[in-house]
Amino acid sequence: MSWIKEGELNIIERISANVLKAGPMPKHVAFIMDGNRRFAHINNMERQDGHTQGFNKLAETLRWCKHLNIPEVTVYAFSIENFKRTQEEVDGLMDLARQKFERLLEERENLEKHGVCIRVLGDLNLLPLDLQQAIAKAVLATKNHNNDVSETLITECLYSNKSPNPDLLIRTSGEVRLSDFLLWQTSHSCLVFQSVLWPEYSFWNLCEAILQYQLNHKSIQKARELHREHQASLQLEADRLCTAEELQHHGNGKPTDAHTRQEALLHYITCREERVQNFLTALKHKRDLFFHDLCIEATTA
Amino acid sequence: MVMLYGLLWRLLLLLVHVNRALVSWLRVRLQSWKSRLWERAMASLLLPLALAGFPEQQKKLNRTPGADDNPSHANGGPSPRLRYISDGMSLQKLPVHIGFLVTEEEPSYTDIANLVVWCMAVGISYISVYDNHDIFQKNHSRLLKEIERQQRHLMGGDGHPYNVEFLSNGSDKCHNGKKKSKVTIFKFTIPDPELVVKFGPVDSTLGFLPWHIRLTEFIFVPSHRDVSYKDLLGALKLYSSCQQRVGQ
């Protein structure tokens, strides 16, 4: 099954989407796609079929997000804890992933047409090598597909410094936990827990979640602002402390005037920001190199 | 056309607010014993209509305001202390560390103090209280006094003090160091909270212990004002019945 489900919304869906879009819309939605196995059990299917249905639902959800102009989507597909499952199930999931990433490369032109850019986060070293290579190819192939109305798909979870924090986190199947997903990034997100199982997720469930986001929007914005201000003041305090210590160290016992202190503070802040930027650039370079190396390995193998 | 959708959106929001107000009004009415029979009949007829709306939130507790179910007010029978302890032991599992996240503006010290005392009595070792404006952090001595007062009021006798920790935004993150090369990391010896009860209408953790809530269950209670022991026990019962697969 394809990654991109073609098709427009029907008239009622389109009207509802337009009504929702009149309010504040989340720019980044995260999904914890829970409930595949329970769905399979209820419908007397194999677990693996439940996961396949889950993937189909993902493709459909991406289509809805595109119609709702949500530019970025993160999904929690597999975690380190999931390796504890039976070997059969883990192998099944790896096979599914392999299939889908290979399909992705086949659909490259279609992805380019829709502006889909894929990023994968997490410790990929834990995955089978051929899957790592398939992922690397997919990531590099879609790297430059970023345009203003682009979707980003992320299939493992860890910190990403390129994407903004999710505005809205949706967890299906009724569980009310975060299960280690983007803990840091969702501290000021709107959390919506829905009891529907993931393979049964509907356009209306998504609308319901977005509506809840809109109802909470103002209070969460306020809380975020407060948090940002608090962080900024903590940072300034820390900077001042460091500057004072440095002045003490390098000074010669003479008291410093306000002007000198201010200059030293600004200088310290500039240096700190430069260090942080260098670190982030080095990290990005390391990540890019990792994917390039995997691709080269794959082509020479 | 855009204006029309804008109007429709505002109308939709208004409908949801009205629906929510109606549902919480009906909940109070249905559970209040003082309500007259015809009022209850009307309410039960209207409730399905109101509840047909949305959003439906899992694990939302029905509040029981005014219900005088505090064990310490029971006439005769075992001492209140024993009653609390037996309630705690009757649950399949009890959290070692519970968190109360208050998203409402202007939290009430008395109600939080009550919750803390009940938690201690039931056998929970660590209780975290969090609000977005650091009100409890800034006024923790006041809260502590209130806890002592409520302890005397609810338990009657003496109570041994438990560890009440005050958390605020940023207290759990590592503070970037005094010197460029040194980073101070605070190590917490208390376990992660297994259960967080969120009070208030905001659907967010608002920065509460982000690194410690990876496996925490969330239970939602509409308001912490006039919260009763029964509400707390209900939340604990819900928690004890939930199953965690931890990836398996």
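Proteins come first, then strands; the chains are lettered A, B, ... in the order of their sequence lines, and each starts at number 1.
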| Ignoring hydrogens and geometry, is there a side-chain-to-backbone donor-acceptor pair from B/S204 to A/S189 under 3.5 Å? |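 Checking the backbone N and O of A/S189 against the side chain of B/S204, a donor-acceptor pair under 3.5 Å is found.
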With rounding to the nearest 0.5 Å, note down the distance linking [atom1] in [X] to [atom2] in [Y].
{"X": "B/L12", "Y": "A/Q214", "atom1": "CG", "atom2": "CD", "value": "8.0 Å"}
{"X": "A/S219", "Y": "B/D203", "atom1": "OG", "atom2": "CG", "value": "8.5 Å"}
{"X": "A/E175", "Y": "B/E217", "atom1": "CD", "atom2": "CD", "value": "6.5 Å"}
{"X": "A/L211", "Y": "B/L13", "atom1": "CG", "atom2": "CG", "value": "6.0 Å"}

[atom1]/[X]: more than 12 non-hydrogen atoms of other groups inside 6.0 Å:
{"X": "A/I12", "atom1": "CD1", "answer": "no"}
{"X": "A/R272", "atom1": "CZ", "answer": "yes"}
{"X": "A/H267", "atom1": "NE2", "answer": "no"}
{"X": "A/Q221", "atom1": "CD", "answer": "yes"}
{"X": "B/R10", "atom1": "CZ", "answer": "no"}
{"X": "A/E46", "atom1": "CD", "answer": "no"}
{"X": "B/K93", "atom1": "NZ", "answer": "yes"}

Are [X] and [Y] packed together at the side-chain level, in the sense that at least one heavy-atom pair is separated by less than 4.5 angstrom?
{"X": "A/L226", "Y": "B/N132", "result": "yes"}
{"X": "B/L206", "Y": "A/R224", "result": "no"}
{"X": "A/L178", "Y": "B/T216", "result": "no"}
{"X": "B/Y5", "Y": "A/I15", "result": "yes"}

| request: Mind ranking A/A22, A/A209, A/C271, A/A244 by heavy-atom pairs under 4.5 Å with chain B and telling me who comes out on top? | output: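 Of A/A22, A/A209, A/C271, A/A244, A/A22 has the most heavy-atom pairs under 4.5 Å with chain B.
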| request: Output the option from A/V192, A/D239, A/I220 having the highest count of non-hydrogen pairs under 4.5 Å with chain B. | output: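 Winner by heavy-atom pair count: A/I220.
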[X] versus chain B, the contacting section by heavy-atom distance below 4.5 Å:
{"X": "A/R37", "answer": "side chain"}
{"X": "A/N18", "answer": "both"}
{"X": "A/N205", "answer": "neither"}

| said: Please determine whether a side-chain nitrogen of the Lys or Arg among B/E105 and A/K222 lies less than 4.0 Å from a carboxylate oxygen of the Asp or Glu. | reply: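 Looking at A/K222 together with B/E105, the answer is yes, because their closest N to O distance falls below 4.0 Å.
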| query | Can you tell which of B/T103, B/V196, B/V2, B/V202 has the highest number of heavy-atom pairs within less than 4.5 Å of chain A? | reply |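 If we count pairs closer than 4.5 Å to chain A, B/V202 comes out on top.
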